[in-house]
There are 2 protein chains.
Amino acid sequence: MRNESTIHSQTSSTLADRIRHEMETFTTSEKRAAHVLLSHYPFAGLETVAEFAARAGISAPSVLRFVTRLGFSGFPEFQKHLREELEARLLSPLAKASPIGAGQAAPALASFTDAVIGNLNATLENIAPAEFEAVVALLSDPRRHIHFTGGRFTGALARYAESHFRIVRSQVDYIDGQPALWRDRMIEIGRKDVLVVFDIRRYQEDVIALSETAAKQGATVVLLTDPWLSPIARVARHVLPAHISAPSNWDSSIGLMLIAEALVGAVTRRLWDTARLRMEAVEKLRKDA
Amino acid sequence: MRNESTIHSQTSSTLADRIRHEMETFTTSEKRAAHVLLSHYPFAGLETVAEFAARAGISAPSVLRFVTRLGFSGFPEFQKHLREELEARLLSPLAKASPIGAGQAAPALASFTDAVIGNLNATLENIAPAEFEAVVALLSDPRRHIHFTGGRFTGALARYAESHFRIVRSQVDYIDGQPALWRDRMIEIGRKDVLVVFDIRRYQEDVIALSETAAKQGATVVLLTDPWLSPIARVARHVLPAHISAPSNWDSSIGLMLIAEALVGAVTRRLWDTARLRMEAVEKLRKDA
DNA sequence: CGAAAGCTGTACCAAAAATTTCAAAACGAC
DNA sequence: GTCGTTTTGAAATTTTTGGTACAGCTTTCG
């Protein structure tokens, strides 16, 4: 019996490295498996045991013994590891590709900016143009009444959006997330209303309740959330997810802000004839005051 | 019955593109599946049907219908396609370089995102690391009392920042920009206070007045503004300018948001010992409620 | 040369996965 | 509101997959 104590320590090294390192200790068919895996790393390992075995010209049990010897409890666990490794590798180039010359003096803001830019790109990637345009059309419909709301942190974003839309068009307001404050207002929300709700993890109970109630009343719900989707997605007509990860103890809402501002811009353009007049009127009021 | 003739033509486009393009024709749960897949593309699709379904919050059959609707004969074929696509992408980094370029559908959001990313890079360039760090140190001083304020639109950003800082540390509040509301509070603002003010063009008279009054009382003023600098810069100890141009009739405040979030993150880290306790306490209160 | 030890593959089994069926629920049109 | 249609998920079914036992083969070393 040979050394079985190869625990796969997550010491930052990739599985491929370990395999190369232990190559000499493998048996003949294990070497074949290792070689095939390394030459199509890691995709060969993502197929089924039988396919992997056939590709390597060995039997299925040999493949199983191979992954067991690497320290995995079974083939699925082995595949899970490969997937995670691959995902990490695919996401990291962005973070890696920023050669901040000045050594380490200013990492805080710079690394944060990098991460946010990555989020914005990912957010753009994940939003269907048609979905975005549909929301623009919805918010540009002057017959609709539009309500904004959000949670503890995202409530500020809802307010931000509302403060712009309020100028662009009429029939716009903000609903505070606290149940006591919105219960009464629900009586006047119906089919012609649109609820734009911001909600990221941890999804807030009262905001969910508000949205569900509005949906039940027939309102059209537009949800801006994170990639894991707030439960509100179940009742939402349109879902616009934004990536929110950041090198911080907090999530970043900048992706949501991007969507919000883009919506404001698009709707303003679409309603420009009337929006222009409203904006001029507001401007005039400010000067007079 | 809807259009079923969606054959997956390999016209050089990735599956993700096709999903985005057909998003509007999907049913509710198909959309959920699509969003989850796109958000963690393509790894979400490499798990089992059951895991994918759970992650998307839908049932396994819905996942099956989703992949069938995409033109695959079954889930394994779907996974095979994802693996091959991923392998191709990984082998030729250039292949993925043009996800948007072939300009067709998504001009509004895409161009907006481009502009915003340009703003963020420019903002990062123009902020001296030392200045940023100085502000972090200032906001991390537990003896200071910190007040946030802003204008019509930027007020929401001030609120956003305040809602985070309020949890990280004590002595945090938000001051409404309207003179009637802050006049009285000024009596208790002095040398130990910090005023963080958000102000971009058109610079708002009342916010300027508030800041000047606070400065006159001896408060330290931190200003987040645009590159043309609000008049408040005259009385501010620290100025952090952010680029705000966007392909829109409105300015973009995302650069300000970037700075705000970066400050939150940095201060949280610096005060972690106490911040952690406060965050846990808040979490506990939420659960109990 | 012969026996022990260790690899390897065939055949089989158990477990888990994908898929189908079908009835309930949601939706929309009238 | 009511009816017909579409959509959806629970449960049953079928298929596939990973895993195991065992026997033959090869190698090694006395």
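Keep in mind the model is a prediction, meaning the values are calculated, not measured. Per chain, numbering begins at 1; letters A, B, ... match sequence-line order. Below, all heavy atoms of this structure are taken into account, side chains as well, without hydrogens, waters or symmetry copies.
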Taking CZ from B:Phe66 and C1' from D:dG9, how many angstroms apart are they, rounded to a whole number? 18 Å
Distances for protein N or O near nucleotides 21-24 of chain C N or O, under 3.5 Å:
none

C:dG9, OP1 or OP2 - any side-chain N/O from A:Ser62 closer than 4.0 Å? yes
Please name the residue in the list A:Ile175, A:Thr213, A:Val194 that meets the side chain to side chain contact (heavy atoms under 4.5 Å, CB included) test with A:Ile189. A:Ile175
Ignoring the backbone of A:Leu64, work out which of D:dT8, C:dT8, D:dG18 is nearest its side chain. D:dG18
Side chain to side chain donor-acceptor pair (under 3.5 Å) against A:Thr268, all qualifying residues, sequence neighbours excluded: B:Trp250
Separation of B:Lys80 atom NZ from C:dA18 atom C1', in whole Å? 17 Å
Specify the separation, in whole Å, of atom CZ of A:Phe78 and atom P of D:dG19. 11 Å
side-chain N/O B:Ser29 vs D:dT8 OP1/OP2, d < 4.0 Å: yes
Measure the distance from CD on A:Glu30 to P on C:dG6 and round it to the nearest whole Å. 14 Å
With sequence neighbours excluded, tell me which residues meet ring-ring contact (aromatic ring centres under 6.0 Å, His included) with A:Trp228. B:His40
Quick one: ring-ring contact (aromatic ring centres under 6.0 Å, His included) partners of A:Phe148, sequence neighbours excluded? A:Phe165
A:Arg185 meets the salt bridge (Lys or Arg N to Asp or Glu O under 4.0 Å) criterion, sequence neighbours left out, with A:Asp173
Do the charged groups of A:Glu30 and A:Arg65 touch, with an N to O distance under 4.0 Å? no
If the condition is salt bridge (Lys or Arg N to Asp or Glu O under 4.0 Å), which residues does B:Glu51 pass it with, not counting sequence neighbours? none
Can you measure B:Arg69 atom CZ to D:dT8 atom P for me and round it to whole angstrom units? 11 Å
Which residue, B:Val67 or A:Arg234, contacts DNA chain C at a nucleotide closer to its 5' end, judged by nearest heavy atom? B:Val67
Residue list, side chain to side chain donor-acceptor pair (under 3.5 Å) with B:Ser59, at least two apart or on another chain: B:Ser62
How large an angle, rounded to 10°, do the end axes of the helix from C:dC1-D:dG30 to C:dC30-D:dG1 enclose when each is built from five base pairs? 30°
Which whole-number value in Å describes the distance from A:Glu77 CD to D:dT17 P? 20 Å
Is the distance between the ring centroids of A:Tyr174 and A:His147 under 6.0 Å? no
If each of B:Ser59 and A:Phe75 is mapped to the nucleotide of DNA chain D with the nearest heavy atom, which maps nearer the 5' terminus, i.e. the 5' end? B:Ser59
Sequence neighbours excluded, the answer for ring-ring contact (aromatic ring centres under 6.0 Å, His included) partners of B:Phe75 is B:Phe78
Nearest-neighbour nucleotide for the A:Pro76 side chain, D:dG19, D:dT7, D:dG9 considered: D:dG19
With A:Lys80 via side chain to side chain donor-acceptor pair (under 3.5 Å) - residues at least two apart: A:Glu84
Here the distance between atom C1' of C:dA16 and atom CD of B:Gln79, to the nearest Å, is 14 Å
When rounded to whole Å, the CZ to P distance for the pair A:Arg32 and C:dT8 reads 10 Å
For DNA chain C, determine which residues of residues 43-55 of chain A have any heavy atom closer than 4.0 angstrom to one of its atoms, and list them numerically. none
So, using side chain to side chain donor-acceptor pair (under 3.5 Å) as the criterion, who are the partners of A:Glu47 when residues are at least two apart? A:Arg55
